[in-house]
Amino acid sequence: MAALTIRRTHAKQVAVCGPTACTRTDAANATEVGRLLAAAGATVLCGGGEGVMAAVADGASRAGGLVIGVRPDLDRGAACPGLSAVLFTNMGEARNAILVRSADAVIVIGGSWGTLSELALARHRGDIPVVSLGGWQILDAAGEPLRATLTAADPADAVRLAIGTRRR
């Protein structure tokens, strides 16, 4: 009988969050972030739907990366292509907490109310990098910007800030 070999990985898990209805720029940024995360050996976590989620899954999967979708529903037809595996939570927006708690870093691309929820949950953790690429700016009560996220200049900078890689 052949022995079963189990390989353990210590790759970082990076959640990429963004809106379903995203801009072309956000989709292009997400695709490149996915590609770069896969190239760095990171596991990509996303919501598994359309928009930024589909773009990051496409970029990562085309680069040979592992992509896990955390769906809010049970609709297998709603999961985007490019996912290596899907968790169907049937928890609605509560899945945002699962997504963020499963990550070693979070990259927020663009902005929607759901994305803001993910950003807030990630920041509330306080123990992981939260990187924004063209995303939300948060102001305090006096209208002054809060440093709620690390601001990335481009996809390579976002990945570097999230997983600590050097610029190429």
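Owing to the predicted nature of the structure, the values given are computational and were not obtained by experimental measurement.
Between V67 and V56, the closest side-chain pair of non-hydrogen atoms is not below 4.5 Å. Put simply, the side chain of V70 reaches to within 4.5 Å of the side chain of T89, judged on heavy atoms. Between C17 and V106, the closest side-chain pair of non-hydrogen atoms falls below 4.5 Å. Taking 4.5 Å as the limit, every side-chain heavy atom of P155 sits out of range of all side-chain heavy atoms of T31.
Between the CG atom in N90 and the CG atom in L74 there is a gap of 3.5 Å [rounded to 0.5 Å]. Rounded to the nearest 0.5 angstrom, R71 CZ and R95 CZ are separated by 6.5 Å. Taken from CZ in R101 to CG in L121, the straight-line distance is 8.0 Å, to the nearest 0.5 Å. To the nearest 0.5 Å, atoms OG1 (T149) and CD1 (I107) are separated by 11.5 Å. The line from CE of M53 to OG1 of T115 is 8.0 Å long, rounded to the nearest 0.5 Å. The distance from atom CD of E32 to atom CD1 of I109, rounded to the nearest 0.5 Å, is 10.5 Å.
Within a 6.0 Å radius of CD in Q13, more than 12 heavy atoms belonging to other residues, nucleotides or ligands are found. Atom CZ of R125 sits in a crowded spot, with more than 12 heavy atoms from other residues, nucleotides or ligands closer than 6.0 Å.
P19 and C22 get closest at one heavy-atom pair: O-CB, 3.7 Å. Between G41 and A11, the closest heavy-atom pair is O-CB, 3.0 Å. Residues A40 and I163 approach most closely at CB-CD1, 3.4 Å, considering heavy atoms. Taking every heavy atom of both residues into account, N96 and E118 meet most closely at OD1-OE2, 3.3 Å. Across every non-hydrogen atom of G65 and A38, the tightest pair is CA-CB, 3.6 Å. Listed here is the closest heavy atom pair of P129 and A162: CG-O, 3.8 Å.
Hydrophobic clustering of Ile, Leu, Val, Met, Phe, Trp and Tyr side chains at less than 4.5 Å, counting indirect connections, unites V108 with I128. Neither V100 nor L161 shares a network with the other; the hydrophobic side chains, linked directly or stepwise wherever heavy atoms of I, L, V, M, F, W or Y lie under 4.5 Å apart, form separate groups for each. Transitive grouping of hydrophobic side chains (ILVMFWY, heavy atoms separated by less than 4.5 Å) keeps L119 and V14 in distinct clusters. Under the 4.5 Å side-chain heavy-atom criterion for grouping Ile, Leu, Val, Met, Phe, Trp and Tyr, L87 is connected to L66 within one hydrophobic cluster. Under a hydrophobic-cluster definition in which Ile, Leu, Val, Met, Phe, Trp and Tyr are linked whenever side-chain heavy atoms come within less than 4.5 Å, directly or via other members, V159 and V16 are assigned to the same cluster.
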**Request:** List the steps, then state whether side-chain contact (heavy atoms from CB on, under 4.5 Å) holds for V44 with S84.
**Result:** CA-CA 10 Å; V44 175; S84 306; over 6 Å; no
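In this structure, the side chain of W136 engages the main chain of S112 through a donor-acceptor pair within 3.5 Å.
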